[in-house]
Every structure is written in structure tokens, then in C-alpha cells.
Participant: 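Okay, handing you the structure first.
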Amino acid sequence: MDKEVVINKQKLKLTNLDKLYWPDEKITKGDLIEYYREVSKYILPYLKDRPQSLNRYPNGIKGKNFFQKDVGNMPPDWVSTYKILSESTNKKVNYIVCRNEATLLYMVNLGCIEINPWSSRIQSLETPDYLAIDLDPEGISFDSVVETALAVKEVLDEAEISSYCKTSGKTGMHIFIPLKAKYNFEITKEFAHIIAKITHDKVPGITSLERSPSKRKKKVYIDFLQNNIGQTLAAPYSVRPSPGAAVSTPLLWKEVKRGLDPHDFNIKNTSKRISKIGDIFYDVLRKGTDIEKKLKKLDYA
DNA sequence: GATGGAC
DNA sequence: GTCCATCAACGCTAT
DNA sequence: ATAGCG
Ligand SMILES: [Mn+2]
Ligand SMILES: [Mn+2]
């Protein structure tokens with residue numbers, strides 16, 4: 001039922017460990033916590049020093065969920081938090097900042113099946129560490145997502161831009177470009193927009209840049225608007241609150257081909273996969289990209 | 001999941 | 001002590 | 001200002 005563990009020298013209460021978070025698959029909250037303990041070494045670099053947007057499912061994937069950013073003074077002392085002024089409400093929001101395994105498990109115990117970090121760190125909130133291209137299919141096959149991802153890859157390869165790809169764990173894929181916190185969100189977003197437009201021109205039949213779902217039926221939405229402060233995507237190695245407990249899994253580009261099935265990467269087998277092949281996203285937080293130079297190479301009028 | 005008031 | 005109601009987002013874009 | 005989106 002409940003258990004107290006010591007991690008990072010902190011006593012942490014883990015509760016309701018036998019609650020069925022995925023009733024059909026018989027996967028419990030305890031299984032979820034066990035997964036995050038196993039992969040913590042690999043997921044933590046993508047959470048470190050980043051404000052966390054909580055998406056809580058305290059009663060599992062079939063229960064009601066809610067978002068939480070402001071944790072007030074709810075967490076114990078040893079959980080790092082950071083207050084950020086919200087532009088829209090003019091109120092200070094006290095975010096959890098994940099810095100270690102104990103904090104990760106604290107969040108998971110709150111019902112966070114998925115982990116949603118900001119793309120910027122508190123040391124440099126205005127400059128993201130990576131650019132994200134988010135591929136969201138709207139009533140179209142996953143093979144079309146794959147085809148779109150490969151089109152993006154082709155565009156980036158032509159300009160010799162390094163890119164890294166993962167399943168979202170739901171229905172789409174994410175492509176990351178390392179930036180080393182060198183550009184603000186406005187420049188990053190404009191760059192992402194250009195990549196999206198060139199890709200759309202390459203495969204106009206299966207893609208769309210329309211924001212309204214009704215205007216992009218049966219297309220893959222090339223979502224470049226996640227490149228804004230505080231906009232999040234599920235982290236690499238995050239579990240998703242979806243059937244089968246799929247995991248957002250980094251892939252080798254050679255694995256991105258027709259027939260790829262995102263359900264093949266899930267809470268049951270991802271830990272083993274990582275131990276075997278390591279972290280495919282390793283360079284995302286280490287390399288950079290010279291946007292000015294690459295813009296010239298893209299040569300987009 | 002945590003809190004607090006009613007019972 | 002138990003039960004139950006209540007609470008827990010935000011930034012951007014287009015109109 | 002507000003609706004829609006993720
Ligand atoms: Mn997506
Ligand atoms: Mn999206």
C-alpha cells in the first residue's frame with residue numbers, strides 16, 4: 001500500500017502503490033514509480049533545473065486529470081521550487097524544479113504519470129536548450145507521421161543541422177534540435193516556423209500548418225508553436241497516460257521507417273532498451289546550432 | 001493527493 | 001475518526 | 001477582450 005524510502009538522503013513517502021493506474025493492463029502506481037527509479041539516471045538530465053508543469057492523474061489514466069503549476073508551499077523543504085511571475089495573471093507561480101531522483105519520485109507520487117519540463121532552465125529562462133518540432137496527426141496513420149518526420153530530417157540534413165527524434169508516446173513524434181541556450185524563444189520559434197514551412201512544401205498532401213484541428217483533418221500538424229516559454233512536451237523517457245503505458249522513446253533515425261509502432265516502446269521494455277543502447281538524446285543538451293549560418297543554408301526566401 | 005469542516 | 005467537498009494552468013495566436 | 005489550442 002504505502003512505503004517510505006530514502007533517496008538522496010531524503011525520506012520520501014510513496015502512497016497507494018497498489019492503485020491500478022492502467023486498469024486494463026493491470027499496471028499499478030508502484031510499477032510506474034519502479035519504472036522511473038530504473039530510468040532516473042537517463043531522464044534526470046532532461047529535468048534538471050527546469051520548472052515542471054504537473055499533469056496529475058491521481059486516479060490513473062481513466063480518472064480525472066488536472067494541471068498544476070503553482071505548488072505553493074505544499075512540497076517538503078528538500079524539494080526545490082522557483083517562483084516565476086505569470087504575465088497573464090500577474091501572480092507569482094511557485095514551480096517545482098526537478099534536481100534529483102527524490103524530487104522526480106515526489107512528482108510521480110502526486111500522480112504525474114508524464115513529466116513535462118520547460119525547455120529552458122531557471123539559470124536562463126528566456127533561452128531554450130533545444131528547438132522542438134512536434135508532429136501531431138489528426139486522423140491519419142502513424143506511417144504518415146513517419147513520412148513527415150523523414151521529410152523534416154531531409155530538410156535539416158540539407159542544411160547539416162543535427163536533429164534527434166523520439167516517439168511522443170501518444171500518436172505523434174517529436175524532433176529536437178540542440179541550441180545550447182544560445183537564442184531566445186522568438187528567434188527559435190521563427191527558425192522552427194521556417195523548417196515547418198519548407199517541410200510542408202515538401203509533403204503538402206499529408207501535412208498542415210493549420211492550428212485549428214477542424215482545418216487539418218487527415219493531416220499531420222507540424223506544430224512549431226511549442227517553442228514558447230513555458231510550453232512543454234513530454235520529456236524523453238516520460239511515460240504517457242495512454243493505453244499500453246507507452247513511453248516517449250528516443251529513436252535512431254534508421255529506426256524511423258514505415259511500420260514503426262510507438263506502442264512497441266512502453267513501460268515494460270524501455271528500461272532494458274536504454275541499458276542496452278544508451279541515451280540516443282545524449283547530444284541534445286551538449287551540441288549547439290548556429291541558426292544564422294543554418295538559415296543561409298536553408299535558403300528560404 | 002492534500003486539506004479542512006461537519007458530523 | 002471518517003466522510004465529503006473543494007482545489008489544483010499558462011502563453012500564444014487569431015479574431 | 002475573448003476563444004481556441006496544446
Ligand atoms: Mn504532440
Ligand atoms: Mn502539439
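Chain A is the first sequence line, chain B the second, and so forth, proteins listed ahead of strands; every chain is numbered from 1.
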Participant: In whole angstrom, give the distance that lies between atom CD1 of A:I113 and atom P of B:dG1.
Facilitator: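 Going from CD1 in A:I113 over to P in B:dG1 covers 10 Å.
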Participant: Output yes when A:R121 and A:D129 qualify as a salt bridge under the 4.0 Å nitrogen-oxygen rule, no when they do not.
Facilitator: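 Result for this pair is yes, salt bridge flagged.
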Participant: May I ask you to decide whether A:D223 forms a salt bridge with A:R211, counting only side-chain N to carboxylate O separations under 4.0 Å?
Facilitator: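 No.
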Participant: CZ of A:R240 versus C1' of D:dG6: gap in Å, rounded?
Facilitator: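 Distance, rounded to whole Å: 11 Å.
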Participant: Provide, to the nearest angstrom, the distance between the CG atom belonging to A:N55 and the C1' atom belonging to D:dG6.
Facilitator: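 Checked: the CG to C1' distance equals 11 Å.
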Participant: Is the distance from OP1 or OP2 of B:dG1 to the nearest side-chain N or O of A:N59 less than 4.0 Å?
Facilitator: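 False: A:N59 side-chain N/O out of range (4.0 Å or more) of B:dG1 OP1/OP2.
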Participant: Whether A:K153 and A:E147 form a salt bridge (side-chain N of Lys/Arg under 4.0 Å from carboxylate O of Asp/Glu) is what I want to check.
Facilitator: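 The answer is no: the pair does not qualify as a salt bridge.
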Participant: Do A:R50's NZ or CZ and the ring of A:Y46 fall within the cation-pi criteria of under 6.0 Å and 45°?
Facilitator: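 Because its charged atom misses either the 6.0 Å distance or the 45° angle limit, A:R50 does not stack over A:Y46.
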Participant: Please report the distance, rounded to the nearest Å, between CD in A:E210 and P in D:dG6.
Facilitator: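 A:E210 atom CD is separated from D:dG6 atom P by 12 Å.
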Participant: Remember a base hit wins even if backbone is also touched, and classify A:K170 as base, sugar-phosphate or nothing at under 4.0 Å, heavy atoms.
Facilitator: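 No contact.
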Participant: Would you mind reading off the distance between A:D2 atom CG and B:dA2 atom C1', rounded to a whole angstrom?
Facilitator: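 So the CG-C1' distance, A:D2 to B:dA2, works out to 14 Å.
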Participant: Side chains of A:N16 and A:Y21: is there a donor and an acceptor less than 3.5 Å apart?
Facilitator: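 Per modelled atom types, A:N16 and A:Y21 side chains form no pair under 3.5 Å.
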Participant: Report, as a single string ordered 5' to 3', how protein heavy atoms within less than 4.0 Å touch nucleotides 9-15 of chain C: B base, S sugar-phosphate only, - not at all.
Facilitator: BBBSB--
Participant: Sticking with atom P, work out how far C:dA9 lies from D:dC5, rounded to a whole angstrom.
Facilitator: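 The same atom, P, in both gives a distance of 22 Å.
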Participant: In whole angstrom, what separates A:D223's CG from D:dG4's C1'?
Facilitator: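 Whole-Å distance recorded here is 13 Å.
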Participant: Would you tell me if any nitrogen or oxygen in the side chain of A:Y57 comes within less than 4.0 Å of OP1 or OP2 on C:dA8?
Facilitator: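 False: A:Y57 side-chain N/O out of range (4.0 Å or more) of C:dA8 OP1/OP2.
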Participant: Under 4.0 angstrom, heavy atoms only, what part of the nucleic acid is A:K19 near: base, sugar-phosphate, or nothing?
Facilitator: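 If one applies the 4.0 Å heavy-atom cut-off, A:K19 turns out to touch the sugar-phosphate alone, with no base involved.
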Participant: When the P atoms of B:dG4 and C:dA8 are compared, how many Å lie between them, rounded to an integer?
Facilitator: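 Here C:dA8 and B:dG4 have their P atoms 14 Å from each other.
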Participant: Does this structure show an ion pair linking A:K219 with A:E138, if we count only N-O contacts that are shorter than 4.0 Å?
Facilitator: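 Salt bridge absent between A:K219 and A:E138.
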Participant: From CE of A:M173 over to P of D:dG6, roughly how many Å is that when rounded to an integer?
Facilitator: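 Between P of D:dG6 and CE of A:M173: 19 Å.
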Participant: Does the gap between the ring centers of A:F176 and A:Y164 come in under 6.0 Å?
Facilitator: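 No.
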Participant: From CD1 of A:I96 over to P of C:dA8, roughly how many Å is that when rounded to an integer?
Facilitator: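 Atom CD1 in A:I96 sits about 16 Å away from atom P in C:dA8.
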